[in-house]
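Scroll down for the structure; my scribbles are underneath it.
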Amino acid sequence: MSLAILDRSGVIDRLLSVDAAPLPIARTTLKLFAIPEIACTDISEIVLHDMASCRPQNEEETDCFAFLDLQSKTNAALVK
């Protein structure tokens, strides 16, 4: 997954690639990752803007954005 990290002003601070596979269906999954050199309080939003590949088990590759329900436990919104 490619994530855009937005600062307090809503400006892209950086892009971050995260290996999130596998993501099980109908189950909450927690993914921890470090965002170096930026304080959590300086992040206003994290945008999931690209997924290089998405292939449900035993199926063809598809657009998985519709399947994802993103939530954040912090003040920074996690959106697609």
Side-chain angles (χ1 to χ4, degrees):
M1 297 178 163
S2 181
L3 305 172
I5 310 302
L6 281 59
D7 66 16
R8 285 191 221 173
S9 300
V11 176
I12 295 174
D13 179 85
R14 71 192 71 206
L15 297 177
L16 182 68
S17 293
V18 176
D19 182 6
L23 291 174
I25 294 175
R27 184 173 149 216
T28 299
T29 301
L30 305 174
K31 297 295 179 180
L32 300 176
F33 52 90
I35 305 173
E37 300 173 9
I38 188 169
C40 291
T41 56
D42 291 335
I43 299 172
S44 67
E45 191 171 68
I46 301 174
V47 180
L48 171 60
H49 73 92
D50 189 32
M51 294 178 67
S53 177
C54 181
R55 187 176 54 82
Q57 187 174 0
N58 302 322
E59 296 192 26
E60 296 296 318
E61 190 167 313
T62 188
D63 178 4
C64 286
F65 273 78
F67 302 135
L68 296 177
D69 178 24
L70 304 177
Q71 297 177 1
S72 174
K73 299 286 186 184
T74 70
N75 291 332
L78 179 59
V79 299
K80 53 183 173 176

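Note that this is a predicted model, so its numbers are computed, not measured. No hydrogens, no waters, no symmetry mates; every other heavy atom, side chains included, goes into these values. We number each residue from 1, following the sequence as shown.
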Identify every side-chain donor-acceptor pair in residues 64-74 under 3.5 Å, counting partners at least two apart or on other chains, and give the distances.
from: Ser72; atom 1: OG; to: Thr74; atom 2: N; distance (Å): 3.1
from: Ser72; atom 1: OG; to: Thr74; atom 2: OG1; distance (Å): 2.9
from: Ser72; atom 1: OG; to: Ala76; atom 2: O; distance (Å): 2.8
from: Thr74; atom 1: OG1; to: Ala76; atom 2: N; distance (Å): 3.2
from: Thr74; atom 1: OG1; to: Ala76; atom 2: O; distance (Å): 3.4

Can I get a per-line list of side-chain donor-acceptor pairs under 3.5 Å for residues 6-14, giving both atom names and the distance, sequence neighbours left out?
from: Asp7; atom 1: OD1; to: Ser9; atom 2: N; distance (Å): 2.9
from: Asp7; atom 1: OD1; to: Gly10; atom 2: N; distance (Å): 3.2
from: Asp7; atom 1: OD1; to: Val11; atom 2: N; distance (Å): 3.0
from: Arg8; atom 1: NE; to: Thr41; atom 2: O; distance (Å): 3.4
from: Arg8; atom 1: NE; to: Asp42; atom 2: OD1; distance (Å): 2.9
from: Arg8; atom 1: NH2; to: Asp42; atom 2: OD1; distance (Å): 2.3
from: Arg14; atom 1: NH1; to: Pro36; atom 2: O; distance (Å): 2.5
from: Arg14; atom 1: NH2; to: Pro36; atom 2: O; distance (Å): 3.3

ILVMFWY cluster, [X] and [Y] together (side-chain gap under 4.5 Å):
X	Y	value
Ile43	Val79	no
Leu78	Val47	no
Met1	Leu15	no

Counterpart residues, side-chain hydrogen bond (donor to acceptor under 3.5 Å, both in side chains), relative to Ser44 (two or more places apart):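 Checked Ser44 against side-chain hydrogen bond (donor to acceptor under 3.5 Å, both in side chains); zero matches.
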Once you round to the nearest 0.5 Å, how far does [atom1] of [X] lie from [atom2] of [Y]?
X	Y	atom1	atom2	result
Ile35	Ile5	CD1	CD1	4.0 Å
Lys80	Asp50	NZ	CG	14.0 Å
Ile46	Leu16	CD1	CG	8.5 Å

Would you say that more than 12 heavy atoms from the other residues, nucleotides or ligands in this model lie under 6.0 Å from the CD of Glu61, or not?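 More than 12 within 6.0 Å, yes.
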